[in-house]
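Counting starts at 1 for both ligands and their atoms, following the listed order. Note that the structure is predicted; figures quoted are calculated from it, not measured.
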Amino acid sequence: MIRQAFRRALLGAGLATAALLALPAAAQQAGQQAGQPAYPSRSITIVVPFAAGGPTDTVTRLVAEVMGRDLGQPVVVENVGGAGGTLGAARVAQARPDGYTLLLHHIGMGTTPALYRRLAYDPVGGFETIGLVTEVPMTVIARKDIAANSLAELVALVRRDQTKINYANAGIGAASHLCGLLLQKAIDAPMTTVPYRGTGPAMTDLIGGTVDVMCDQTTNTTQQIRAGSVKVFAVTTPQRLPALPEVPTAAEAGLPGFEVTVWHGLYAPKGTPAEITTRLSRALQAALRDEKLVARFADLGTAPVAQERATPEAHRAFWQADIAKWRPVIQAAGQYAD
Ligand code: ASP
């Protein structure tokens, strides 16, 4: 509906100029309003609220490349890590709502509104949704020389050494933080948390043996697991993963009910026109059906969401439900970032 009305407005504005015809067809469809250059007329930045080389970064770079082809403009990634993803989210909430600054963030968008009682931006009202991207399984991993060869042995080690075991995460609000909390709750034993700006640098330290344990997404861990650079104990999904068929589920390894997947979505600042978020959602859908992207996601243990979930409406409904799901859990745990 919106798209049709927008097309009519474009035609009414008589926009079939030579300059427009020179743009890729998809870019033209986003069109222009009288006197405005067609969107997008320059490169778009997607802010990743974690360090380069981590799982959010990996997913975003794969998506950005194909979206850029569809939009006829480069889509570049900027890493704004720190404070569990809230620094990058703040950057986008405070950006101009013109479609040139976007955010790709994960389940942290569902937990942050309850975890952080004071923020420099509105964690719910500050954004327009564009579409869901993927839901990524997690893995429980450790430095390769840790004295445990199964999840049961790891649990025994943590229980025995308690806070001597270090747990790396990407700050409060990160998926690695959430997974670590659930893990410590499931095994009823604490570890000492070491926060990073993203699990990319945390992985480097885990491989180097500076930290002991991490729970992170397959998009960051699959290659390191296959290379034997880290030890893996379990995947956090009800079924084993085709990308890591030899790795048991947490239930098989002795922790039934320990399940987490990390959903990701693409956002724009509040007030970004619907024509632009709709255009971006079309480009996102194109990226998510790209054969190479689908194959790369599969190799990293994940898959794109179904096309109908990569829309502003489906994303908003899912996000709202996730905020409602986590708020009582976080309040009951009394786990706040501030
Ligand atoms: N997404 C990761 C996490 O939440 C961090 C990262 O992407 O680096 O832990």
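- Between Glu135 and Arg309, at least one side-chain nitrogen of the basic residue sits less than 4.0 Å from a carboxylate oxygen of the acidic one, meeting the salt-bridge criterion.
- Near Gln217, meaning under 4.0 Å from any of its heavy atoms, are these atoms of ligand 1: 1 (N), 2 (C).
- Less than 4.0 angstrom separates some heavy atom of Pro55 from each of these atoms of ligand 1: 1 (N), 2 (C), 6 (C), 7 (O), 8 (O).
- In this structure, OG1 in Thr58 is found 8.5 Å from CZ in Arg61, a value given to the nearest 0.5 Å.
- For CZ of Arg117, the number of neighbouring non-hydrogen atoms (other residues, nucleotides, ligands) closer than 6.0 Å is greater than 12.
- When all heavy atoms are compared, the tightest approach of Thr237 to Glu259 is C-CG, 4.5 Å.
- Per-residue contacts place Ala174 under 4.0 angstrom from the following atoms of ligand 1 (heavy atoms of the residue considered): 3 (C), 4 (O), 9 (O).
- Close contacts of ligand 1 with His106, meaning ligand atoms under 4.0 Å from a residue heavy atom, involve 1 (N), 2 (C), 3 (C), 4 (O).
- With ligand atoms numbered from 1 in the order given, ligand 1 contributes 3 (C), 4 (O), 9 (O) to contacts under 4.0 Å with heavy atoms of Ser176.
- Here the shortest heavy-atom pairing between Ile146 and Lys231 reads O-NZ, 2.8 Å.
- Near Ala175, the atoms of ligand 1 lying under 4.0 angstrom from a non-hydrogen atom of the residue are 3 (C), 4 (O), 9 (O).
- On a distance-only criterion, His177 and ligand 1 share no N/O pair closer than 3.5 Å.
- With ligand atoms numbered from 1 in the order given, ligand 1 contributes 2 (C), 5 (C), 6 (C), 8 (O), 9 (O) to contacts under 4.0 Å with heavy atoms of Thr199.
- Closest to atom 7 (O) of ligand 1, if we only count protein heavy atoms, is Thr56 OG1, 2.6 Å.
- Salt bridge Arg226/Asp299: present, at least one basic N to carboxylate O contact under 4.0 Å.
- Close approach of ligand 1 to Gly198 (heavy-atom distance below 4.0 Å) involves ligand atoms 8 (O).
- Residue Arg197 has no N or O atom closer than 3.5 Å to an N or O atom of ligand 1.
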Salt bridge (charged side-chain N to carboxylate O under 4.0 Å, His left out) between Asp70 and Arg279, intermediate numbers included: CA-CA 10 Å; Asp70 188 79; Arg279 176 67 192 93; 3.0 Å; yes
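- At a threshold of 4.0 Å, the pair Asp290-Arg69 counts as salt-bridged, since one of the basic side-chain nitrogens sits closer than that to a carboxylate oxygen.
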